[in-house]
Student: 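Input: one structure, supplied below.
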Amino acid sequence: MKFVNRFFLLFISVFFMQKAYTQSIPVGTVGDDYFRILQLQGKIDPKYSYSTRPNFLTNKFPIDSFYHLIDSNLNTNIALKSRFVEFRPMLVQLRSQYNSLHPYGWNDEGMIKAKGIQTMARIGVYTRIGPLHIQFMPEHVNAENAPYEISDEFGSIPKDRFQQNFLGQSSVRLNLRAVSIGFSNENIYWGPGQYGALIMSNNAPGFAHYTFNTIRPIKTFLGSFEFQLVTGRLEQDPTAPFEIQNLKTLSDWKEPRIFNGLNIVFQPSIFPNLFVGVNRAYQYSERNIEQQGNNFFTKYLPVFSKIFKSSIGGVEEDKIERDQQISIYTRWLFPKSHAEFYLEYGWNDHKDNFRDFWIDPEHSASFIIGFKKLQPLNHNRWLELNAEIIQMAQTTDYLVRTAGDWYPYTNGGYNHYNQILGAGSGRGNNVQTMQLNLLKTLSKIGLKLQRVQHQPVPADRTLPLKSLGLRSLRWTDIGVGFIGQKHWKNIIITPEVNFINSMNYAWTYRTNFNFFAQLNLTYLW
């Protein structure tokens with residue numbers, strides 16, 4: 001009995017004496033992009049990698065201080081809180097999007113690939129009871145889903161107006177010191193990319209998952225670590241659009257799939273402004289769960305298996321119906337120059353052994369490379385320059401050893417609700433983006449230039465000659481966009497208009513003009 005009493009007292013002390021970490025800033029909401037901006041401005045500690053999102057705040061740096069650091073005119077103090085209990089409304093957001101010709105745009109959570117007008121509404125509240133944190137932010141998507149021109153190679157025939165409710169950016173977490181464990185439906189964004197990520201981004205709706213992750217860097221004598229381990233469930237919706245019509249028949253949309261992913265980031269103590277990370281992900285159908293192995297780890301946590309195929313069964317591994325993606329990345333800060341450089345390089349399949357990797361490292365490879373530079377001006381204004389290249393088309397190695405698309409069709413495809421989990425521009429596309437913004441607190445005005453090459457290299461050289469002829473036309477989108485942001489007290493409006501010239505649209509001889517516009521309205525409580 002004495003032991004039980006001591007254990008109970010120890011539990012109570014641990015439960016109530018932990019540091020009170022506040023809620024996350026969900027991916028895709030106002031403030032998400034400002035962590036990196038504030039860090040390069042020298043207002044946030046450079047020890048945070050900001051490559052495992054959503055980002056978390058602390059009791060020493062709560063949400064009120066975060067928004068106040070962006071703009072002193074923002075007032076988000078509406079909350080009921082004491083030492084152990086807290087309740088606060090988070091935000092109300094209404095996002096509208098319009099495409100005049102064909103689907104365009106990505107990193108928009110539950111929104112679908114569609115022509116016409118679509119909207120997404122979300123509202124969020126947050127509650128803390130000791131170390132238990134509950135965030136409820138459901139989303140509703142309503143899309144016109146109008147018919148548009150498709151081809152044998154691109155598009156799917158739209159059905160009626162699309163409507164869907166999602167759990168959105170909701171989660172239940174137990175936060176203890178530097179780590180968090182819980183159940184979440186939040187979007188995850190891994191890696192340093194600004195406009196895309198190879199493994200995980202907010203291109204698709206958030207999916208239900210268990211998560212074990214850090215909420216601040218863990219210091220050791222070697223350096224600091226951050227990580228996130230996720231196991232969840234991916235689904236598809238036969239009523240929603242597909243990027244390619246026959247993807248619907250190739251995908252086992254009736255069969256939910258298991259996703260297991262791991263992101264680890266390391267900041268060495270001898271290089272305090274350098275981050276090095278690795279992402280690894282598996283996905284496979286639930287009906288194939290017995291193929292994965294005989295124990296819990298091989299069934300639900302295959303990310304801890306050995307890297308090379310020869311180490312985990314060789315030919316036998318190919319017989320298991322599952323897909324793997326892996327990437328390594330780095331983010332390098334230059335605080336005095338208010339700049340950063342980053343690179344992510346990934347493969348969508350196992351290498352057979354180290355010899356295979358050494359001889360043919362470009363096989364099934366893709367990469368993201370980019371930088372961000374802030375230049376201080378007078379009157380608290382900053383000039384921001386962003387540039388990023390996403391390369392997902394097959395390398396010239398395909399001439400002797402085809403690798404297929406970087407996001408595979410097999411085992412249901414690397415998607416959730418028919419949308420790619422990683423870089424959302426397309427399954428084998430290359431994207432070049434440059435953006436110049438004038439910033440002043442939360443207000444900005446900017447110009448964006450973007451070029452999208454839609455799968456310039458065929459995924460399979462055994463396609464029929466007719467299809468190969470279509471693919472040789474090189475479908476390319478050239479876009480010019482104008483971005484703005486303005487706020488009146490806690491009401492924030494973010495408009496964006498893009499003029500897209502689609503040359504050889506859908507790998508046909510048609511060249512068309514597409515008008516793509518977005519309007520985000522946000523109210524911070």
Student: With Phe371 as reference, evaluate Leu385, Leu343, Asn386 under the side chain to side chain contact (heavy atoms under 4.5 Å, CB included) test and give the passing residue.
Tutor: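 Result for side chain to side chain contact (heavy atoms under 4.5 Å, CB included) with Phe371: Leu385.
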Student: Does the ring centre of Trp507 sit less than 6.0 Å away from the ring centre of Tyr505?
Tutor: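 Here the rings of Trp507 and Tyr505 have centres that are no less than 6.0 Å from each other.
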Student: Are Val172 and Leu132 close enough that some pair of their side-chain heavy atoms sits under 4.5 Å apart?
Tutor: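 Yes, their side chains come closer than 4.5 Å.
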Student: Hey, is CG on Asn165 packed in by over 12 heavy atoms from elsewhere, all under 6.0 Å?
Tutor: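 Counting other residues, nucleotides and ligands, CG of Asn165 exceeds 12 neighbours.
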Student: Tyr50 pairs by ring pair (Phe, Tyr, Trp, His ring centres under 6.0 Å) with which of Phe35, Phe56, Tyr342?
Tutor: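 Going through the options one by one, the only one that passes is Phe35.
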Student: Just to verify, what does Gln325 make a side chain to side chain donor-acceptor pair (under 3.5 Å) with, not counting sequence neighbours?
Tutor: none
Student: Before we go on, tell me: are the rings of Phe499 and Phe515 under 6.0 Å apart, centre to centre?
Tutor: yes
Student: Evaluate the side chain to side chain donor-acceptor pair (under 3.5 Å) criterion for residues Gln118 and Asn142: first the C-alpha distance (whole Å), next the side-chain angles of each, then the deciding distance (0.1 Å), finally the verdict.
Tutor: CA-CA 6 Å; Gln118 61 177 310; Asn142 189 315; over 6 Å; no
Student: Taking the six-membered ring for Trp and the full ring for Phe, Tyr or His, determine whether the centres of Tyr329 and Phe275 are under 6.0 Å apart.
Tutor: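 No.
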Student: A cation-pi test, strictly: NZ or CZ of Arg280 under 6.0 Å from the centre of the six-membered ring of Phe227 and no more than 45 degrees from its axis. Yes or no?
Tutor: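 Judged by the rule (NZ or CZ under 6.0 Å from the ring centre, within 45° of its axis), Arg280 is not positioned above Phe227.
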Student: As a quick check of understanding, evaluate side chain to side chain donor-acceptor pair (under 3.5 Å) for Lys113 and Gln419, giving each step before the final call.
Tutor: CA-CA 8 Å; Lys113 290 185 176 295; Gln419 299 195 62; 5.9 Å; no
Student: Over 60° means perpendicular and under 30° means parallel, so tell me whether Phe154 and Tyr148 are parallel, tilted or perpendicular.
Tutor: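 Plane angle between 30° and 60°, so tilted.
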Student: Given the rule in the side chain to side chain donor-acceptor pair (under 3.5 Å) test, do Thr52 and Gln228 qualify, once you have shown the distances and angles that lead to the verdict?
Tutor: CA-CA 7 Å; Thr52 305; Gln228 183 172 27; 5.9 Å; no
Student: Between Gln453 and Asn429, is there a side-chain donor-acceptor contact under 3.5 Å, judged purely by atom types and distance?
Tutor: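 Judged by distance alone, the side chains do not pair up.
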Student: Quick one: does Ile25's side chain get under 4.5 Å of Leu57's, heavy atoms only?
Tutor: yes
Student: For the residue pair Asn145 / Asp160, report whether a side-chain donor-acceptor contact shorter than 3.5 Å exists.
Tutor: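 The answer is no; no qualifying pair exists.
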Student: Check whether the side chains of Gln435 and Glu388 place a donor and an acceptor atom closer than 3.5 Å, and report yes or no.
Tutor: no
Student: Determine whether more than 12 heavy atoms belonging to other residues, nucleotides or ligands lie under 6.0 Å from atom CZ of Phe87.
Tutor: yes
Student: Please report the C-alpha distance between Asn520 and Thr494 in whole Å, then the side-chain angles of each, then the deciding distance to 0.1 Å, and finally whether the side chain to side chain donor-acceptor pair (under 3.5 Å) criterion is met.
Tutor: CA-CA 5 Å; Asn520 296 337; Thr494 309; 5.2 Å; no
Student: Hey, does the Lys NZ or Arg CZ of Arg88 hover above the aromatic six-ring of Tyr126, less than 6.0 Å from the centre and inside 45° of the axis?
Tutor: no
Student: Please check if the side chain of Tyr407 supplies one atom and the backbone of Ala423 the other of a donor-acceptor pair under 3.5 Å.
Tutor: yes
